[in-house]
2 protein chains.
Amino acid sequence: MQDRGVPHGGGLGAGGENLLYLTDAQLRKGIEAMFFAYRGFTADPDRILARHGYGRAHHRAVHFINRWPGTTVNNLLSILGVTKQSLNRVLRTLIDDGLVESRVGTRDKRERNLYLTADGAALERALSDAQRARMRAAYRQAGPEAVAGFREVLEAMMDPELRRQFEGAAETVE
Amino acid sequence: MQDRGVPHGGGLGAGGENLLYLTDAQLRKGIEAMFFAYRGFTADPDRILARHGYGRAHHRAVHFINRWPGTTVNNLLSILGVTKQSLNRVLRTLIDDGLVESRVGTRDKRERNLYLTADGAALERALSDAQRARMRAAYRQAGPEAVAGFREVLEAMMDPELRRQFEGAAETVE
DNA sequence: AGTTTATGTCAGCCTTGTTGACATTCCAAG
DNA sequence: CTTGGAATGTCAACAAGGCTGACATAAACT
């Protein structure tokens with residue numbers, strides 16, 4: 001009843017023993033690794049955010065505003081995949097607290113261009129420093145070849161539209 | 001001010017050009033890859049859960065009860081990292097809906113041993129089939145070497161206690 | 001002039017996390 | 001046997017952060 005994708009006996013011609021890693025047990029290990037690793041991945045920022053009275057939603061907003069200064073609300077909505085009401089609540093507190101500045105668009109005055117203030121940039125730096133430190137330690141421990149594989153699997157796991165946004169992000173900087 | 005971990009000019013003796021992947025930009029790419037990939041990772045189960053009126057908390061509970069049949073509430077608490085009140089609410093609905101069975105412990109009658117019913121196992125299978133399909137596709141696309149690297153980086157990113165639970169899970173099955 | 005688009009906002013609902021308080025059950029030490 | 005502590009369950013209250021729906025406003029487009 002349960003489709004295992006690849007028979008344990010192997011022998012699909014190309015690959016063979018290389019496909020051992022596609023057994024259910026191996027896939028489940030990958031699933032649990034994602035679960036536990038994501039917890040570690042967010043643990044340090046979560047602690048910093050808690051001290052400021054913020055949550056992950058604030059982190060995501062601050063991250064992507066820092067990433068693309070001057071981005072519009074609609075851009076942010078499509079990146080974050082939430083409703084405008086939900087984003088607006090988070091953005092409202094960040095603006096009121098003086099971490100984010102919202103300027104009326106020059107080309108199109110309906111749009112709001114979002115920027116981090118000095119305080120916002122400071123929080124962003126604290127958060128990303130912590131997260132990069134964790135990522136750097138993991139990268140160091142695993143080595144360059146592992147990192148390349150890590151990135152390949154993650155990219156393959158994204159939804160196609162999200163991958164496009166991710167790759168778009170890449171073009172902008174690299 | 002910002003510690004980049006490794007100077008761009010390289011020359012730290014061991015490594016050198018291999019450490020390019022530790023620049024801030026590369027680390028940030030890894031961070032965003034985690035963010036977008038986790039969205040993809042949870043997208044399929046989320047859709048299934050929504051049809052049943054459940055959320056991710058139910059998925060996690062069902063997953064780990066399936067993983068360790070007869071586990072106690074306390075075990076589950078430490079794996080999931082939530083409060084007993086929060087878990088209890090989720091568990092309550094799963095038990096009331098007939099997906100989970102809670103048997104009084106034999107050795108220690110204060111404990112409750114948790115098991116999936118036939119319905120619970122069916123939901124678990126639907127969820128994990130979807131998630132495994134996504135993982136399998138990503139693994140196939142990336143190849144075995146990439147998968148090994150993926151797992152290495154993820155394990156290095158976990159908190160030590162979580163890694164112990166993850167490795168414990170490995171022993172149980174493999 | 002009328003329509004569409006971008007944004008903001010209000011109200012209400014849900015899930016899932018939290019803390020605190022308290023009851024029950026039962027093992028184990030005195 | 002009694003008492004202390006551990007494991008569990010439950011009630012209440014609260015908050016973050018998702019969601020939908022409705023509505024307002026201003027600007028741009030046609």
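Hydrogens, waters and symmetry mates play no part in the numbers below; they use all other heavy atoms, side chains included.
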Sequence neighbours left out, cut at 3.5 Å: what donor-acceptor pairs do the side chains of residues 76-90 of chain B make with other protein atoms?
| from | atom 1 | to | atom 2 | distance (Å) |
| --- | --- | --- | --- | --- |
| B/Ser78 | OG | B/Asn75 | O | 2.9 |
| B/Ser78 | OG | B/Gln165 | NE2 | 3.3 |
| B/Thr83 | OG1 | B/Ser86 | N | 3.3 |

Run the salt bridge (charged side-chain N to carboxylate O under 4.0 Å, His left out) test against [X] and tell me which residues pass, sequence neighbours left out.
X        : value
A/Asp108 : A/Arg110
A/Asp97  : none
A/Glu124 : none
B/Glu161 : none

**chain B footprint on DNA chain D, 5' to 3' - any atom under 4.0 Å from a heavy atom** =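 Range of nucleotides touched by chain B: D/dG5 to D/dC11.
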**Asked** Could you give the CG-to-C1' distance, from A/Asn74 to C/dT7, as a whole number of Å?
**Response**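 Atom CG in A/Asn74 sits about 8 Å away from atom C1' in C/dT7.
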**Request:** Round to a whole Å and report the spacing from CG of B/Asp46 to P of C/dT15.
**Result:**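 Rounded to whole Å, this separation is 14 Å.
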**Request:** On DNA chain D, check which nucleotide each of A/Arg56 and B/Val73 is closest to and give me the residue with the more 5' one.
**Result:**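 Final value for this comparison: B/Val73.
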**Message:** On DNA chain D, compare the nucleotides closest to B/Arg89 and A/Tyr54; which residue's is nearer the 5' end?
**Reply:**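 On the 5' side of the pair lies B/Arg89.
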**Asked** Is any NZ, NE, NH1 or NH2 atom of the basic residue among A/Arg163 and A/Asp159 found under 4.0 Å from an Asp or Glu carboxylate oxygen of the other?
**Response**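 Salt bridge between A/Arg163 and A/Asp159, a charged N being under 4.0 Å from a carboxylate O: no.
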**Asked** Looking at B/Phe35 versus A/Phe64, is the centre-to-centre ring distance below 6.0 Å?
**Response**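 Between A/Phe64 and B/Phe35, which both carry aromatic rings, the centre distance is below 6.0 Å.
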**Asked** Taking only residues two or more places apart in sequence, or in another chain, which ones meet B/Ala33 in a side-chain contact (heavy atoms from CB on, under 4.5 Å)?
**Response**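 If we apply the side-chain contact (heavy atoms from CB on, under 4.5 Å) test to B/Ala33, skipping adjacent residues, the hits are A/Arg151, A/Leu154, A/Met158, A/Phe166.
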**Request:** List in chain and number order the residues that pass side-chain contact (heavy atoms from CB on, under 4.5 Å) with A/Val100, two or more places apart in sequence or in another chain; answer none if no residue qualifies.
**Result:**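 A/Val100: side-chain contact (heavy atoms from CB on, under 4.5 Å) contacts with A/Ile65, A/Leu94, A/Ile95, A/Leu114, A/Leu116.
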**Asked** Where along residues 102-113 of chain A does a heavy atom come under 4.0 Å from DNA chain D, residue by residue in number order?
**Response**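 Residues of residues 102-113 of chain A under 4.0 Å from DNA chain D: A/Arg107, A/Asp108, A/Lys109, A/Arg110.
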**Under the side-chain hydrogen bond (donor to acceptor under 3.5 Å, both in side chains) test, residues paired with A/His63 that sit two or more places apart** =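 So A/His63 forms a side-chain hydrogen bond (donor to acceptor under 3.5 Å, both in side chains) with B/Glu32.
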Could you run down the sub-3.5 Å N/O contacts of the protein with nucleotides 19-21 of chain C?
| from | atom 1 | to | atom 2 | distance (Å) |
| --- | --- | --- | --- | --- |
| C/dG20 | O6 | B/Gln85 | NE2 | 3.1 |

**Asked** Which part of the nucleic acid, if any, lies within reach of A/Gly81 when heavy atoms closer than 4.0 Å are counted: base, sugar-phosphate only, or nothing?
**Response**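 Sugar-phosphate, no base atom in range.
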**Residue pairs, two or more places apart or on separate chains, that pass salt bridge (Lys or Arg N to Asp or Glu O under 4.0 Å) and touch residues 36-50 of chain B** =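 For residues 36-50 of chain B, and leaving out neighbouring residues, the salt bridge (Lys or Arg N to Asp or Glu O under 4.0 Å) pairs sorted by first residue read B/Asp44-B/Arg47, B/Asp44-B/Arg134, B/Asp46-B/Arg56.
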